[in-house]
Amino acid sequence: MSLIELQDVSKIYRLGSQEIPALTGVSLTFEAGEFAVLAGPSGSGKTTALNLIGCLDHPTSGHVIVNGLDLGTASKKALADFRLQNIGFIFQSYNLIPVLTAAENAEFTLMLQKVPKPERRAKVRKLFVDLGIDGLENRRPADLSGGQQQRVAIARAMAADPHVILADEPTANLDSHTAEELLELMRRLNREQATTFIFSSHDDRVIAQARRVIHLQDGCLADDLTISK
Amino acid sequence: MLFTLAFRNLWRNRRRTLLTLSAMVASAALLILALGVFSGMFRDMLASATEQYYGHLVLAKTEYHERRDMFAHLDEEVASRYITAEDTEIIGISPRLRSFGLISLAETSQPVELLGVIPEREKQVTSLQTKLIAGNYPSEAVNNGALIGQGLARKLKVSTGDEMVFVTQAADGSIGNDLLIITGIFATGDSRHDNNLVLAPLGWAQKIMVLPGRIHEVAMTLADPMLAALTADRLNPRLPDDVEILDWGDLLPEMREVIAAYDVSRMIIVSILYMATGLGILNTFFMSVMERTREFGILMAQGMRPWTIRGLVLLETCLLGGIALAIGLTCGAVMTLYMQQVGIDLAGYITPVTYAGGTILPRLHAVFEAGNFYVPAGMLLLVSLIAGFLPANRAARLDPVQAVREV
Amino acid sequence: MDLVRLSWKNIWRNRRRTIITLTAIAFSIMLVQALHNLSFGVYAGMVDSGVRAGSGHIAVYRNNYLESRDETLYFKDGSLVDDISQINGVEQVLPRLYIPALAQSSRESRGVMLIGVDPDRERQVNPFLKTLPADGMIRSTDSRDAVVGTRLLHELQIRPGQKFVVTAQNEDGTLHSELLRVRGVVNSGMKDIDSSLILVGLGRATQLTGNSGSVHELAVILADAGLEATVHRQIAAQFAQGQDILAVSWEEAMPNLANAIKLDYASQKFIFMIILLIVAIGVINTLLMSVMERMREFGVILAMGSRPMTLRCMIMLEAVILGLLAAAIGTVLGSLATWYLVAVGIDLADLVPETLEFGGVVFDPVMRASWDPAWMLRIAVYVVCLTLLAAAYPAIKAGRTTPVEGMRHH
């Protein structure tokens with residue numbers, strides 16, 4: 001049984017009276033431990049596909065099945081619970097909560113899971129060390145550089161030990177050196193913890209690092225290449 | 001051009017503007033209603049005091065009011081000598097003769113105040129004819145017909161048609177007594193009138209007091225009671241030194257004080273209310289200015305002067321104030337109209353309240369008074385201006401370079 | 001607990017906005033509390049003066065004397081005056097006899113209401129007698145001394161020390177007269193009182209009517225108005241069976257005063273409601289603004305797996321904390337204002353030159369507040385509930401976001 005499966009999924013956005021088809025008839029399957037990227041130019045539907053995989057949205061038609069469960073029937077609450085336990089997100093613009101410190105941001109999912117404070121703190125501290133940002137726990141996002149903020153975002157995504165981490169254009173706002181470091185970091189996590197990574201990106205460096213490249217074009221599946229690495 | 005820009009800027013964030021507008025409209029409209037109802041209460045009080053007994057103006061010998069001395073009487077034609085048809089604000093003139101004595105009936109007697117009046121003329125000044133609960137107002141036809149109050153009727157255990165004797169000291173030193181027939185009974189809700197007042201024909205009173213052709217006072221009624229003091233000032237110079245006209249403010253100083261105190265508290269309430277409103281507006285405008293920092297920066301970079309930016313924001317607040325004013329005034333006027341025509345009956349909850357010489361009836365209603373509209377209106381505009389001042393300053397003081405860099 | 005910390009931090013995101021909102025709410029609370037306490041103090045003062053000049057906190061009558069004022073409804077007070085005086089909390093018991101009579105001087109006559117009183121007791125209590133000089137009061141219950149209102153004195157055209165006659169009807173119908181001498185003059189400033197007040201000794205009054213040892217009214221003055229209910233019960237217990245007398249509270253005996261206060265109070269409540277409404281709308285506006293500008297963040301929080309309910313709770317918490325803070329500050333300010341108004345008060349003498357009447361009672365020209373902590377607390381609680389209510393719409397709005405839509409904001 002595959003981890004995540006998209007079965008003939010379509011998504012149409014409605015803006016006023018206009019209908020915009022973002023995805024049309026896409027079918028994909030992901031296994032545990034994958035390191036995959038959804039590639040394609042802007043407007044190809046990468047972000048939409050990622051949102052569907054991450055249970056952030058319902059498809060207009062088709063099914064999204066995770067661990068054998070069809071998400072189409074699930075309530076908002078059930079989806080939220082599912083995301084909390086299983087999925088971590090890294091967004092293009094970090095989306096850290098400005099009033100919280102770096103550590104507080106990172107432990108947010110643990111807080112939602114009602115993990116007691118000392119445990120949370122310990123976990124996050126360890127993560128920060130691994131990610132090379134220890135010492136920055138009590139700084140607010142406004143006082144961190146882009147790269148540091150992105151690492152905090154990664155820490156947040158990972159803190160709850162999710163099975164899947166979804167990253168939407170994670171390197172878009174980073175300089176090349178930081179981007180390299182980030183990708184290296186994610187590959188390491190994928191190797192050591194068997195966390196599934198699914199990206200969306202149009203950055204060639206990212207695509208180069210992936211073991212599986214899924215090309216999307218105009219909302220349709222164009223190519224699905226698995227590269228052994 | 002600036003005007004159009006200001007107006008459109010208001011509607012950029014519809015929900016926020018509408019919410020702020022609703023607060024301003026609510027405060028203006030409700031305040032107008034409240035003031036209208038209070039004015040109604042005071043008008044009622046004034047009306048009950050003047051229209052039941054005093055009248056708006058009273059002409060009498062100068063020393064009469066102090067002691068109501070029987071001997072300070074006047075010629076019954078005195079009014080026509082000094083008040084002409086050109087004094088159009090006066091709509092009722094009633095000469096009166098006053099006597100204090102006892103009403104006697106079988107085993108009971110009660111002290112009363114008897115007013116000898118010409119019924120048709122008295123009806124133009126006081127309104128006891130509208131408060132009848134039995135029988136009729138006295139008329140010229142029955143030369144000894146009297147009108148008494150409900151309290152008195154109860155105490156004497158009489159009703160219409162019964163006879164009673166009035167005993168008093170006459171002007172020639174004798175004790176006058178004569179028969180009166182009760183033609184009607186009134187009830188005003190004010191125990192001082194209901195228990196003590198008797199109206200009888202002037203001729204009858206003049207006879208019993210041995211004061212033929214004499215009266216003590218002339219009570220007058222005006223189209224607009226609030227002009228009483230002015231009218232008195234206008235007429236007094238015409239009168240000889242020993243005669244003067246007093247207005248209701250002189251006759252009922254407590255009433256005047258109450259109305260003065262009310263005006264003060266009205267201003268206080270208006271100020272408080274608008275301070276609360278003002279603080280709410282302040283937030284809205286700060287928000288809307290902060291949101292547009294970048295935009296203002298660009299405008300200034302393009303050459304718009306800071307002063308103009310300040311003017312723009314102030315214009316926006318004043319426009320909002322103006323719109324709120326228009327809607328608020330309309331709503332306030334509509335609600336006041338309803339209260340004026342229909343009102344609210346609180347009779348089950350409270351009884352009439354006697355206060356400063358007048359009575360407030362438990363039926364709430366409103367009156368239209370200019371002050372109740374232009375005071376809230378003026379204050380609203382003022383508050384809008386003040387609330388806009390700080391954000392406008394903020395906008396004008398922005399540094400274009402910094403501002404443009406903001407996201 | 002963590003949600004509380006997050007909410008607290010969120011409130012202070014935009015310091016100026018929060019401070020302005022807090023100021024608005026706290027300020028309104030302060031005003032409403034201070035004005036209420038001021039009225040509370042003034043009403044209490046009015047009731048106090050009113051009952052002392054009128055029917056007392058509790059009045060004892062026979063049958064329906066209160067409504068009918070039927071002079072034949074007198075009763076023998078016997079030992080009642082002393083018995084009631086013994087009750088804990090009673091300051092004074094004033095026996096009174098009301099006789100409608102004709103007062104005549106050599107020049108004039110007027111209808112009056114003669115009041116027979118116990119001069120010593122009355123002197124201690126009645127505010128109209130406060131300004132009488134030491135020798136201005138009736139000397140004994142039987143003396144021919146009378147205390148007369150100043151306007152009445154003028155109308156009868158007599159001066160202090162001069163004689164006049166009062167004539168009243170006996171129970172058997174005959175007219176009876178007594179000679180009186182003006183001992184003291186009352187100048188209360190109220191037309192009604194000054195033109196109709198005559199006080200004489202109770203003994204002299206009963207000579208006029210022929211009912212010795214009888215009264216129409218026992219006015220009971222309490223040292224502490226709060227004890228009214230208990231004392232009322234104890235008084236009622238004093239009455240022998242079948243005696244046909246009853247005790248009434250001042251609200252029944254002086255409905256004019258009670259209603260004047262009710263009316264003023266009601267209009268005040270109306271104004272307060274308007275003020276709180278305006279504040280509530282302001283709070284909704286502020287909360288809504290702060291929600292709308294965080295839509296993106298809410299999207300992220302939802303994406304991470306938070307339930308919509310958690311988000312709604314967070315907004316409600318922000319409102320509650322805001323409300324509690326404002327209520328605390330407002331109550332402190334309100335207390336300060338009240339403290340000032342209790343200690344110093346507002347002197348109306350500058351605004352209104354002569355005595356001011358209200359509901360038949362003379363105002364003390366200095367308006368003083370009186371503490372009503374229960375009411376102050378109630379208002380604070382109402383305001384907190386109001387902020388909670390105001391948060392309902394913004395909370396719903398926040399909870400309805402989906403992660404995708406939320407993150408698309410900006």
Side-chain angles (χ1 to χ4, degrees), chain B residues 15-16 19-20 22-23 26-27 30-31 34 37-38 41 66-70 100-102 106-113 151 154-155 168-169 192 195-196 252-254 257-258 260-261 264 269 272-273 275-277 279-280 282-284 286-287 349-357 360 362, chain C residues 16-17 20-21 23-24 27-28 31 68-70 100-104 107-112 151 154-157 167 169 172-173 175 190-192 255-256 259-260 262-263 267 270-271 274-275 277-279 281-286 288-289 292 348 351-360:
Chain B
R15 182 185 10 240
R16 186 171 68 204
L19 258 175
T20 312
S22 67
S27 65
L30 288 172
L31 191 65
V37 172
F38 290 149
M41 261 167 39
E66 254 304 296
R67 298 179 299 176
R68 295 193 288 181
D69 180 2
M70 171 174 55
F100 294 96
L102 279 176
E107 287 117 40
T108 4
S109 6
Q110 290 290 336
V112 297
E113 175 186 328
R154 278 213 201 112
K155 278 203 205 174
T168 185
Q169 204 161 17
R192 296 165 306 164
N195 295 354
N196 287 314
L252 297 166
E254 299 103 75
E257 285 161 17
V258 164
V264 168
I269 291 173
I272 295 173
L273 203 64
M275 253 186 271
T277 311
L279 283 169
L282 198 62
N283 257 337
T284 302
F286 261 122
M287 202 66 223
Y349 180 61
I350 51 177
T351 59
V353 174
T354 308
Y355 189 102
I360 301 177
Chain C
R16 176 186 30 235
R17 184 168 67 203
I20 292 179
T21 312
T23 310
F27 190 68
S28 308
L31 280 171
S68 65
R69 295 285 164 182
D70 181 354
L102 189 66
Q104 278 171 294
R107 308 262 214 102
E108 273 287 359
S109 62
R110 289 286 184 272
V112 296
R151 292 187 77 97
H154 285 189
E155 291 203 10
L156 290 173
Q157 296 182 34
T167 310
Q169 208 167 15
D172 57 8
L175 288 177
M190 289 189 320
K191 250 193 165 154
D192 285 345
N256 209 35
N259 286 324
K262 265 196 223 173
L263 199 62
S267 56
F270 183 61
I271 299 294
I274 299 180
I275 293 180
L277 178 69
I278 304 301
V279 170
I281 297 183
V283 170
I284 296 181
N285 217 357
T286 304
L288 211 59
M289 276 195 262
M292 295 321 283
L348 277 185
L351 299 167
V352 183
E354 295 133 46
T355 52
L356 189 62
E357 191 196 330
F358 187 91

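Labels below follow one simple rule: chain letters A, B, ... track the order of the sequence lines, proteins then strands, and each chain is numbered from 1. Treat the numbers as computed from the prediction; the structure is a model and nothing was measured.
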Legend entry - Spacing of CG belonging to C:Leu288 relative to CD1 belonging to C:Ile281, to within rounding of 0.5 Å: 12.5 Å
Inset, instruction - Grab the two heavy atoms, one from C:Val279 and one from B:Ala276, that are nearest each other, plus how far apart they are. - result: CG2-CB, 4.3 Å
Inset, instruction - Check each atom of C:Leu31 against the heavy atoms of chain B and say whether the ones under 4.5 Å are side chain, backbone, both or neither. - result: side chain
Legend entry - Side-chain heavy atoms of B:Met70 within contact of B:Thr168, under 4.5 Å: no
Inset, instruction - Go through the atoms of C:Leu277 and report whether side chain, backbone, both or neither lie under 4.5 Å from a heavy atom of chain B. - result: side chain
Legend entry - Options C:Ile275, C:Ile278, C:Thr23, ranked by heavy-atom pairs under 4.5 Å with chain B, top entry: C:Ile278
Inset, instruction - Determine the option with the most heavy-atom pairs under 4.5 angstrom with chain B, choosing from C:Glu155, C:Gln157, C:Met289, C:Arg151. - result: C:Glu155
Inset, instruction - Under 4.5 Å, counting heavy-atom pairs only, tell me which of B:Val112, B:Asn196, B:Leu102 racks up the most with chain C. - result: B:Leu102
Inset, instruction - Identify which part of C:Leu175 has an atom lying under 4.5 Å from any heavy atom of chain B, answering side chain, backbone, both or neither. - result: side chain
Inset, instruction - Considering only heavy atoms and a distance below 4.5 Å, find which of B:Leu279, B:Leu282, B:Leu31, B:Thr284 pairs most often with chain C. - result: B:Leu279
Inset, instruction - Name the option with the most non-hydrogen atom pairs under 4.5 Å to chain B; the candidates are C:Ile284, C:Leu156, C:Ile271. - result: C:Ile271
Legend entry - Structural part of C:Val283 lying under 4.5 Å from a heavy atom of chain B: neither
Legend entry - Engaged part of C:Ala103 at the chain B interface, taking heavy atoms whose separation is under 4.5 Å: neither
Legend entry - Nearest heavy atoms of B:Pro111 and C:Ala101, plus distance in Å: CG-O, 3.4 Å
Legend entry - Under 4.5 Å from a heavy atom of chain B, the part of C:Thr21 involved: both
Legend entry - Residue pair B:Met287 / C:Met292, side-chain heavy-atom distance below 4.5 Å: no
Inset, instruction - Report yes or no: is the cationic atom of B:Arg68 (NZ for Lys, CZ for Arg) under 6.0 Å from the centre of the six-membered ring of B:Phe100, at an angle within 45° of the ring normal? - result: no
Inset, instruction - Could you pull out the closest heavy-atom pair between C:Arg16 and B:Asn283, with the gap in Å? - result: O-OD1, 4.4 Å
Legend entry - Segment of B:Arg16 engaging chain C (4.5 angstrom heavy-atom cut-off): both
